[in-house]
Amino acid sequence: MSNIRAIRGMNDILPDATAIWQYVEATVRELVASYGYAEIRMPIVEQTDLFKRSIGEVTDIVEKEMYSFDDRNGESLTLRPEGTAGCVRAAIQNGLLNTTQRLWYAGPMFRYERPQKGRQRQFHQIGVEAFGVATPDMDAEVILLSARLWRLLGISADVQLQLNSIGSLEARSAFREALVDYLQQHRESLDEDSQRRLDSNPLRILDSKNPATQALLDAAPALGDYLDAESRADYARVKELLDAAGVTYTENPRLVRGLDYYNKTVFEWVTDRLGAQGTVCAGGRYDGLVEQLGGKPVPGMGFAMGIERLVLLLEACEQLPPVVAAADVYVVAYGDAAQREAVAASEQLRDVFAGLRIVQHTGGGSFKSQMKKADKSGARVALIWGEDEVAAGTVSLKTLRSRNDAQQGQQSVAREQLEETLRALLAD
RNA sequence: GUGGCCGUAGCUCAUCAGGUAGAGCACCGGAUUGUGACUCCGGAGGUGGCGGGUUCGAGACCCGUCGGCCACCCCA
């Protein structure tokens, strides 16, 4: 098979799966609408600098995971690795930020990583971003919105909320110094990766999976002790609001996000049912980002969730939407004259029955083979046209796959009675 | 980028001291005149990921390469 294949890590989403995706998307659509969020659609490609300036130069995403290339005019472009940066750019550019904005988006993101369970190079996120509100009530709103989604999808019991505050930029740099001081003294005990990060991105050592490193961190300075008064108060208020709404969470003082633009509240929804990639949804506050990208100082709060991971989770939890048949009515026609009438009749039925899924048999074949197709289509009713029907000016309706024998059967009716007979059959 | 496991029909897999491949499901057709599901019969479909090597002979052994899965890293 030396045929052309899809790019590694970029998967086709096949018909069986798209049904689940559509279910998730439809659920989200209703959910965000119920909180007053409006959809925004951004380009998939942006200037490379947008991501460097927002996500952070020393993050893994920017250093080694971006799909970047030169446009024909020599400008460096990048396939978006996440959605927030582009959303902020769009909001600034289009002057949306002089008032509160509640936005959401969905679409593909691209990161050059080694594929594994729950991770691919083209993956899909649904993101929510709220601009213009600095107070922690907005933090709570965004988190409550996400919590509601798990309820709607029936997976509340399988995801846990992890919560933390990483404070202001100033608080973080003070803490960073203290942390580095401490860890320098134990440099030898650190795992290799953490040693490297000691210089590049020391905060990330906090969520190292290495047990020895974690043990070392027990005696390390705590981020919470360095929080500024405002971050501390806001964090308390977020928890208060979550408590009041009955959303439970786990405080994780070592939760730091991998993107530089976060401050104050950060959170992750994690599950233990997806193997190593257990984060289903993550986000936080990013009050400096808009200004950093050239806008006025407008605060922001948002999250993104991975649709692939959500779908995997729904499968793992057996919370999939019911499988629906591809057709409601299958139209069988034997012979040229019969087909002529059948095709025309199907068109008329589609005029009358909005949304009814009528599959017209194509490709000829015996009655038998056509009936097999009708059965496999999952249709409840087969409309049958043959020489007899044409001669008599009738059409036969046969009930397929009924639950009880009483409903089984076939009847022939005059053409003019097709609509009402069909309506009656479908009403059962 | 690193590591482990894997790569035989559309799908799930089997076979074998190394002697040029099989099953189930799916698909197509048939079981008397125009009719599905169950059953029975039949059929089509594989240069055994690709390239080299060892051998009289390799899908089976060796090397390389590509791809898949899982994990590390990182993240949704």
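Proteins get letters first, then strands, A, B, ... in listed order; numbering begins at 1 in each. Small disclaimer: the values here were computed from a predicted structure and weren't measured. Scope of the values below: all heavy atoms of this structure, side chains included, with no hydrogens, waters or symmetry mates.
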A/Arg119 (side chain) and B/rC73 (base): donor-acceptor pair under 3.5 Å: yes
Mind checking if A/Tyr334 touches a base, just sugar-phosphate, or nothing, with heavy atoms under 4.0 Å? nothing
Look at A/Gln116 and B/rA71 and indicate whether a side-chain polar atom (N or O) is within less than 4.0 Å of OP1 or OP2. yes
May I ask you to say what A/Thr59 touches in the nucleic acid, namely base, sugar-phosphate or nothing, with a heavy-atom cut-off under 4.0 Å? nothing
Does the pair A/Asp336/A/Arg340 count as a salt bridge with the N-to-O cut at 4.0 Å? no
Would you measure the distance from the C1' atom in B/rC28 across to the matching atom in B/rG68 and give it in whole Å? 31 Å
Checking B/rC73, B/rG36, B/rG68 against the side chain of A/Arg5 (C-beta onward), the nearest is B/rG68
Can you tell me how far C1' in B/rG4 sits from the matching atom in B/rG10, rounded to whole Å? 29 Å
If you count the non-hydrogen atoms of other residues, nucleotides and ligands that lie under 6.0 Å from CD in A/Glu251, is the total more than 12? yes
RNA chain B: 5'-proximal contact among A/Ala6 and A/Thr279 (nearest heavy atom): A/Ala6
Quick one: label A/Glu389 by what it contacts on the DNA or RNA (base, sugar-phosphate, nothing), any heavy atom closer than 4.0 Å. base
Kindly indicate, with the supporting measurements, whether the criterion side chain to side chain contact (heavy atoms under 4.5 Å, CB included) is fulfilled by A/Arg309 and A/Leu274. CA-CA 8 Å; A/Arg309 289 183 187 180; A/Leu274 294 186; 3.9 Å; yes
Rounding to a whole Å, what distance do you find between A/Lys368:NZ and B/rU32:P? 8 Å
Which whole number of Å gives the distance between the C1' atom of B/rG45 and that of B/rA23? 14 Å
Rounded to whole Å, the CD-P distance (A/Glu387 to B/rU33) equals 14 Å
Provide the distance between the two P atoms, one in B/rC25 and one in B/rC69, to the nearest whole Å. 28 Å
A/Leu259 CG to B/rA76 C1', in whole Å, measures 10 Å
Can you tell me the Watson-Crick or wobble partner of B/rG48, both distances under 3.5 angstrom? none
When you compare B/rU12 with B/rA26, how far apart are their C1' atoms, in angstrom units rounded to a whole number? 11 Å
Taking C-beta and beyond as the side chain, do A/Pro136 and A/Tyr235 meet within less than 4.5 Å on heavy atoms? no
Using the C1' atom in both, what is the distance from B/rC61 to B/rG19, to the nearest Å? 15 Å
Taking 4.0 angstrom as the limit, do A/Arg119 and A/Glu113 come out as a salt bridge? yes
Polar atom pairs between nucleotides 39-45 of chain B and protein, under 3.5 Å, N or O only, would you list them?
none

Quick one: does A/Gln410 reach the base of B/rU35 with a side-chain donor-acceptor pair under 3.5 Å? yes
Which listed nucleotide (B/rA71, B/rA76, B/rC73) is nearest to the side chain of A/Asp193? B/rC73
Looking at A/Lys376, I'd like to know whether one of its side-chain N or O atoms comes within less than 4.0 Å of OP1 or OP2 on B/rC27. yes
Picking from B/rA76, B/rA37, B/rU35, which would you name as closest to the side chain of A/Asp375? B/rA37
Could A/Arg380 and A/Asp328 be called an ion pair, given the rule that one side-chain N must be under 4.0 Å from one carboxylate O? no
Measure the distance from CG on A/Asn11 to C1' on B/rC69 and round it to the nearest whole Å. 12 Å
Quick one: is B/rC73 close enough that its OP1 or OP2 comes under 4.0 Å of any side-chain N or O from A/Lys209? yes
Using purine N1 to pyrimidine N3 plus N6-O4 or O6-N4 for Watson-Crick, or N1-O2 and O6-N3 for G-U wobble, each under 3.5 Å, what pairs with B/rG59? none
Per atom distances to the A/Phe367 side chain, the nearest of B/rG1, B/rU35, B/rA76 is B/rU35
Hunt down the Watson-Crick or G-U wobble partner of B/rU32, both distances under 3.5 Å, from any strand shown, or write none. none
Assess A/Arg111 against A/Phe123: is NZ or CZ under 6.0 Å from the centre of the six-membered ring, and within 45 degrees of the ring's axis? no
Do NZ/NE/NH1/NH2 and the carboxylate oxygens of A/Glu39 and A/Arg29 come within less than 4.0 Å? yes
Assess whether a salt bridge exists between A/Glu420 and A/Arg423, defined as any Lys/Arg side-chain N lying under 4.0 Å from an Asp/Glu carboxylate O. no
Under 4.0 Å between a side-chain nitrogen and a carboxylate oxygen: does that hold for A/Asp193 and A/Arg196? yes
Side chains of A/Asp234 and A/Ser231: any donor to acceptor distance under 3.5 Å? no
Find which nucleotide of RNA chain B each of A/Asn210 and A/Gln120 is nearest to by heavy atoms, and output the residue with the more 5' nucleotide. A/Asn210
A/Arg114 side chain N/O closer than 4.0 Å to the phosphate oxygens (OP1, OP2) of B/rU2? no
Let me know the distance between NZ of A/Lys372 and C1' of B/rC28, rounded to the nearest Å. 8 Å
Measuring to OP1 and OP2 of B/rG36, would you say a side-chain N or O of A/Lys398 lies under 4.0 angstrom away? no
Pairwise C1' distance for B/rG59 and B/rU47, with rounding to whole Å: 12 Å
If I pick the P atom on B/rC50 and the same atom on B/rA44, what distance separates them, to the nearest angstrom? 23 Å
What is the distance from CE of A/Met371 to C1' of B/rG36, rounded to the nearest Å? 5 Å
May I ask which nucleotide in the shown strands pairs with B/rA23, Watson-Crick or G-U wobble, both distances under 3.5 Å? B/rU12
Could you check whether A/Gly275 gets within reach of a base, just the sugar-phosphate, or nothing at all, counting any heavy atom under 4.0 Å? sugar-phosphate
Which one, B/rC73, B/rU35, B/rG1, comes nearest to the side chain of A/Asp60? B/rC73
Over how many whole Å does the gap from A/Glu113 atom CD to B/rC70 atom C1' extend? 15 Å
Which part of the nucleic acid does A/Glu65 contact within heavy-atom distance under 4.0 Å: base, sugar-phosphate only, or nothing? sugar-phosphate
In whole Å, I'd like the distance from the CG atom of A/Asp207 to the P atom of B/rC72. 13 Å
